[in-house]
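Single-structure report; data block below.
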Amino acid sequence: MNRNPWIYILIAAAVSYLVRVLPLTLIRKPIQNRFIKSFLYYVPYVTLSVMTFPAIIQSTQNPKSGIAALVIGIVSSVFGLGLFPVACICCATVFGLELFI
């Protein structure tokens, strides 16, 4: 199969361009709908969560240590610890569990 790679590059560029340009051209007025505004507000958080949580679990040798670190990180952040202490606690949890499992 001898296919021209430029076709794939042009299709990818067109799709990427349309995804960015269509909202700018179609939506000229400020969005008034509360549902759409709240939906768009949470899109970055959901996208980050969808990319981060599987990486936390799959980046360790044993998924159980990743799940334990995730749970301990959530609990420690609920108690008001900052990002750096939570990250240190999660790393120590994974390190300790990987030694003993």
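We use all heavy atoms of the structure for the numbers below, so side chains are in, but hydrogens, waters and symmetry mates are not. Numbers for residues simply follow the sequence, beginning at 1.
- Here I72 pairs with I89, T93 under the side-chain contact (heavy atoms from CB on, under 4.5 Å) rule; sequence neighbours left out.
- In this structure Y8 satisfies the ring-ring contact (aromatic ring centres under 6.0 Å, His included) test with no other residue, sequence neighbours excluded.
- Legend: side chain to side chain donor-acceptor pair (under 3.5 Å) pairs involving residues 78-87, not counting sequence neighbours: none detected.
- Grouping Ile, Leu, Val, Met, Phe, Trp and Tyr residues whose side-chain heavy atoms lie under 4.5 Å apart, directly or via other members, places Y45 in a hydrophobic cluster with Y41, Y42.
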Residues 13-28, side-chain donor-acceptor partners within the protein, below 3.5 Å, at least two apart:
from : atom 1 : to  : atom 2 : distance (Å)
S16  : OG     : R20 : NH1    : 2.5
R20  : NH1    : S16 : O      : 3.2
T25  : OG1    : V21 : O      : 3.3
T25  : OG1    : L22 : O      : 3.1
R28  : NE     : T25 : O      : 3.4

Got a list of side-chain donor-acceptor pairs under 3.5 Å for residues 58-69, not counting sequence neighbours?
from : atom 1 : to  : atom 2 : distance (Å)
S59  : OG     : A55 : O      : 3.0
S59  : OG     : I56 : O      : 3.3
T60  : OG1    : I57 : O      : 3.4
T60  : OG1    : N62 : O      : 2.7
T60  : OG1    : S65 : OG     : 3.4
N62  : OD1    : K64 : N      : 3.3
S65  : OG     : N62 : O      : 2.8
S65  : OG     : E98 : OE2    : 2.5

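- A search for side-chain contact (heavy atoms from CB on, under 4.5 Å) contacts involving V43 returns F39, T47, not counting sequence neighbours.
- Summarising the hydrophobic clusters (Ile, Leu, Val, Met, Phe, Trp, Tyr; side-chain heavy atoms under 4.5 Å, direct or chained), the residues clustered with I101 are L97.
- Shown here for V86 and G73, the closest heavy-atom pair between the two residues is CG1-O, 3.7 Å.
- In the hydrophobic clustering, where aliphatic and aromatic side chains (Ile, Leu, Val, Met, Phe, Trp, Tyr) are joined below 4.5 Å either directly or transitively, L10 stands alone.
- Every pair tested for ring pair (Phe, Tyr, Trp, His ring centres under 6.0 Å) that includes a residue from residues 49-92 fails, sequence neighbours excluded, so the list is empty.
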